[in-house]
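All ligand and atom numbering here is 1-based and tracks the order in the structure. Reckoned from all heavy atoms, side chains included, excluding hydrogens, waters and symmetry mates. Predicted model only: the values in this text are computed from it and were never measured.
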Amino acid sequence: MVLRDALDQALAELSAAGVRSARRDSELLLLHILGVERPLLFAHPEHQLTEAQAADYRRLVARRIAAEPIQYITGEREFYGLRFTVTPDVLIPRPETEHLVEAALERISEDSPFRIADVGTGSGAIAVSLAVARPLATITALDISRAALIVAESNAATHEVADRIEFREADLLAGIADHSFDMVVSNPPYIAEVEVREYEPAGALFAGSTGLEIYRRLIPQAARVLRPGGWLLMEMGVGQQLQLRQLLEGWQEISVLPDLQGIARVVIARAPVA
Ligand code: GLN
């Protein structure tokens, strides 16, 4: 089968199955099989696929039709301009989390050392993005999932920041010394357990019956490990702003940033000075 026919067939199947990004997905999956960049796909529409390639392609298209996220099928996801490896052991980085990275970068000095903890690092998207953008920063990336840490470590190695990120298997900030960080960042699980989600790791998504359980534990722990005046930045879920402000009682300079849809998405606060 030639490339163009394979693409057309996949596109028709994905569209018929109601996959919204059918065209893009049909291309991404074929690029993934061939290991080439996009322009090549269209430069050589008559290119002949091997039997094995055609069979692999059909298999991947079938997985996508079964609603598996495209990022788990190709094993990668772009975040903050960097390419990250993702596996079903980690949450797929979301574009709204880039707001958290931006807000953190605005507060990290460029010309002096800066100590950051990334709680629940998952794929390492936040930790690696910060390390790449701030060469003097050192980061402790924590996760309760050993499998996730392996993915994060490989992403740090890919982007050549592994020497400035310490990976640590821990429940939130357990075992971290008092007042040892200038900043704590986190995209914690914040989905209420009543919601139904397939595919991604439950431990990365769900936080008790209200979605606030992790914040309840994380905020006091962050207060302990931050230096006075240190920054806490957390991603939050839809409608959690008021409760989070309550949980941050005693913290200073509390502010909230919206995502591109106008949803309050990042909460920022400074640890009490006294
Ligand atoms: N934003 C993600 C979602 O709605 C959840 C991420 C999280 O729980 N931290 O799927």
Student: Return yes if some donor-acceptor pair links the side-chain N/O of D171 with the main-chain N/O of A174 below 3.5 Å, else return no.
Tutor: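 Not at all, since once roles are kept as given, no pair shorter than 3.5 Å links the two residues.
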Student: Test of understanding: given a 4.0 Å heavy-atom threshold, classify the contact between P188 and ligand 1 as side chain, backbone, both, or neither.
Tutor: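 Backbone only.
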Student: Within the supplied structure, the quantity of interest is the number of heavy atoms (other residues, nucleotides, ligands) at a distance under 6.0 Å from E37 CD; does it exceed 12?
Tutor: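 It does not: E37 CD has 12 such atoms or fewer within range.
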Student: Which of the numbered atoms in ligand 1 are below 4.0 angstrom from a heavy atom of A204?
Tutor: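 Under 4.0 Å from A204, ligand 1 has these atoms: 7 (C), 8 (O).
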Student: Is it the case that over 12 heavy atoms from other parts of the model lie below 6.0 angstrom from the CD atom of E160?
Tutor: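 12 or below, so no.
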Student: Taking only heavy atoms of N187, which atoms of ligand 1 are found under 4.0 Å from at least one of them?
Tutor: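 Counting from 1, the qualifying ligand atoms are 7 (C), 9 (N).
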Student: Ignoring hydrogens and geometry beyond distance, is a side-chain donor-acceptor pair present between E193 and S209 at under 3.5 Å?
Tutor: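 On atom types as modelled, these side chains do not qualify, holding no pair under 3.5 Å.
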Student: Does R197 come within less than 4.0 angstrom of ligand 1, counting non-hydrogen atoms of the residue?
Tutor: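 Checking ligand 1 against R197, which is what was asked, there is a heavy-atom contact under 4.0 Å.
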Student: Kindly assign one of parallel, tilted or perpendicular to the pair F84 and H159, based on the angle between their ring planes and the thresholds 30° and 60°.
Tutor: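 Geometry flag for H159 against F84: tilted rings.
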Student: Can a non-hydrogen atom of G211 be found less than 4.0 Å from any atom of ligand 1?
Tutor: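 It does not; every heavy atom stays at 4.0 Å or beyond.
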Student: Looking only at distances, please establish whether an N/O atom of ligand 1 is found under 3.5 Å from an N/O atom of R265.
Tutor: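 N/O-N/O distance under 3.5 Å: no.
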Student: Return the closest protein heavy atom for atom 1 (N) of ligand 1 as residue, atom name and distance.
Tutor: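 The closest heavy atom on the protein side is Y190 OH, 2.8 Å.
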Student: Evaluate the side-chain proximity of Y72 to V86: yes if any heavy-atom separation is below 4.5 Å, no if none is.
Tutor: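 V86 reaches Y72 side chain to side chain.
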Student: Does any N or O of ligand 1 fall below 3.5 Å from an N or O anywhere on E200, backbone included?
Tutor: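 N/O-N/O distance below 3.5 Å does not exist for this pair.
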Student: How about CZ on R224, more than 12 heavy atoms from neighbouring residues, nucleotides or ligands closer than 6.0 Å, or not?
Tutor: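 Atom CZ in R224 is crowded, with more than 12 foreign heavy atoms closer than 6.0 Å.
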Student: Numbering the atoms of ligand 1 from 1, which are under 4.0 Å from a heavy atom of P189?
Tutor: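 Near P189, meaning under 4.0 Å from one of its heavy atoms, ligand 1 has 8 (O).
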